[in-house]
There are 2 protein chains.
Amino acid sequence: MSNSRNTIARTEILNLIREAGEALSHADLQASLGDLCNRVTIYRVLDRLLEEHLIHKIADVDGNITYAACHDCSGRHLHNHIHFRCEECQSVTCLNQVEPEFKLPRQYVVHSMNFTVSGLCPKCSGKR
Amino acid sequence: MSNSRNTIARTEILNLIREAGEALSHADLQASLGDLCNRVTIYRVLDRLLEEHLIHKIADVDGNITYAACHDCSGRHLHNHIHFRCEECQSVTCLNQVEPEFKLPRQYVVHSMNFTVSGLCPKCSGKR
DNA sequence: TATTAATTGCAACTAAGTTGCATTAATAAA
DNA sequence: TTTATTAATGCAACTTAGTTGCAATTAATA
């Protein structure tokens, strides 16, 4: 059971993230939401949605943070899929079907992963 | 040929990064350097070292940036090894021997990668 | 040694994220 | 339905991270 409340800001932010074709930054959300809520509220709602495993956080190699919807994280919240950041159109997308394989020495305990590849997305590489 | 100059700040920063057993943040460097140079200089030296492919940049899932030495990047500067961030001791290390395997759809053009796994490092997982 | 341009320090600035606190409002209980 | 409880919000102020312009300095070359 959750004591998280269904507020307008929460509903709107979750909808925006779920319906976006790509991962959204705090700035993206703020632009879309206009004055529906304060920018601090956006930070706090994002924190809650992360805790509730409804969204996940993505950092590219420069530390830029974006957020994308979780698809099936009720059980485990591992997100071992690859994210792609396009250097041309700046979009960040989840490649849910691409799971990297790797093997760490036994003593390492893995809690979470952040795999981001940068380059040109299909749309932008085609334009060249 | 390079028109980059061998200054005291550059030499010291590169030494610190090369001799550290783990990746260093701007704050780590500033703490070690004391007043050897201005904090702005550290940012600028790091940018130069990145351009010269002597170090690489690592972002963990929270967007925290650290820097580690490159080992053999004269040819390609791809850094497709895994980085591990320990949630206990906060250290970030390069696992140079661990290269993840994955396959992107053909249209994607890859320029750089950022793979960071978080959890407990061998030292900290042993203490439990 | 003199010249040139890369590098630095400084101050001021922008951008990103956090905190405390009074107010508002979603939910559960009466 | 009304009331009580406490999660959530707005606001202002703050911290932290990184950037920029410019004058002064200094490494490297001639």
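Hydrogens, waters and symmetry mates play no part in the numbers below; they use all other heavy atoms, side chains included. Since we're looking at a predicted model, the values are computed, not measured. In what follows, chains carry the letters A, B, and so on, assigned in the order in which the sequence lines appear, proteins first and then strands, with residues in each chain numbered from 1.
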Nearest heavy-atom pair of A/Lys57 and A/Leu50: which atoms, and what distance? N-CD2, 3.8 Å
Taking the side chain as everything from C-beta on, heavy atoms only, tell me whether A/Gln97 gets closer than 4.5 Å to B/Lys103. no
With B/Asn114, which residues qualify under side-chain hydrogen bond (donor to acceptor under 3.5 Å, both in side chains), at least two apart?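 With sequence neighbours excluded, B/Asn114 shows a side-chain hydrogen bond (donor to acceptor under 3.5 Å, both in side chains) to no residue whatsoever.
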Taking side-chain hydrogen bond (donor to acceptor under 3.5 Å, both in side chains) as the test, write out the residues that go with A/Glu99, two or more places apart.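 A/Glu99 satisfies side-chain hydrogen bond (donor to acceptor under 3.5 Å, both in side chains) with A/Asn80 once adjacent residues are dropped.
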Spacing of [X] atom [atom1] relative to [N] atom [atom2], expressed in whole Å:
X       : N      : atom1 : atom2 : result
A/Asn3  : C/dA25 : CG    : C1'   : 16 Å
B/Asn64 : D/dA17 : CG    : P     : 9 Å
B/Asp62 : C/dA16 : CG    : P     : 17 Å
B/Tyr67 : D/dA17 : OH    : P     : 12 Å
B/Leu50 : D/dG18 : CG    : C1'   : 14 Å

Heavy atom of residues 38-48 of chain B under 4.0 Å from DNA chain C: which residues?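 Those residues whose heavy atoms fall under 4.0 Å from DNA chain C, taken from residues 38-48 of chain B in numerical order, are B/Asn38, B/Arg39, B/Val40, B/Thr41, B/Arg44, B/Val45, B/Arg48.
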Quick one, which residues of residues 24-36 of chain B touch DNA chain C with a heavy atom under 4.0 Å?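 Heavy-atom contacts with DNA chain C come from B/Leu36.
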Which nucleotide in D/dA7, D/dG18, C/dT4 has an atom nearest any side-chain atom of B/Ile65: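 Among D/dA7, D/dG18, C/dT4, the one nearest the side chain of B/Ile65 is D/dG18.
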Report the relative orientation of the aromatic rings in B/Tyr43 and B/His26; use parallel for angles under 30°, tilted for 30 to 60°, perpendicular for over 60°. parallel
Residue pairs, two or more places apart or on separate chains, that pass ring pair (Phe, Tyr, Trp, His ring centres under 6.0 Å) and touch residues 91-110 of chain B: A/Phe84-B/Tyr108, B/Phe102-B/Phe115
Between B/Ser25 and B/Asp28, is any side-chain donor less than 3.5 angstrom from a side-chain acceptor? yes
Would you say the side chain of B/Arg5 and the base of C/dA5 hold a donor-acceptor pair, judged only by whether the two atoms sit under 3.5 Å apart? yes
Counting only side-chain nitrogens and oxygens, does A/Thr7 get under 4.0 Å of the OP1 or OP2 atom of C/dT27?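 No, no such contact exists.
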Using the rule side-chain contact (heavy atoms from CB on, under 4.5 Å), only one of A/Val45, A/Leu29, A/Ile42 pairs with A/Cys37; which is it? A/Ile42
Under the 3.5 angstrom rule, does the side chain of A/Asp62 hit a backbone N or O of A/Asn64 as a donor-acceptor pair? no
If you count heavy atoms of other groups shown closer than 6.0 angstrom to CD of B/Glu101, is the number above 12?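 Open.
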Bend across the helix from C/dT1-D/dA30 to C/dA30-D/dT1, to 10°, with axes taken over 5 pairs at each end?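 Axis angle across the helix from C/dT1-D/dA30 to C/dA30-D/dT1, nearest 10°: 40°.
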Do B/Ile65 and B/Ile17 land in one hydrophobic cluster if side-chain heavy atoms of ILVMFWY residues count as linked below 4.5 Å?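 Cluster IDs for B/Ile65 and B/Ile17 match.
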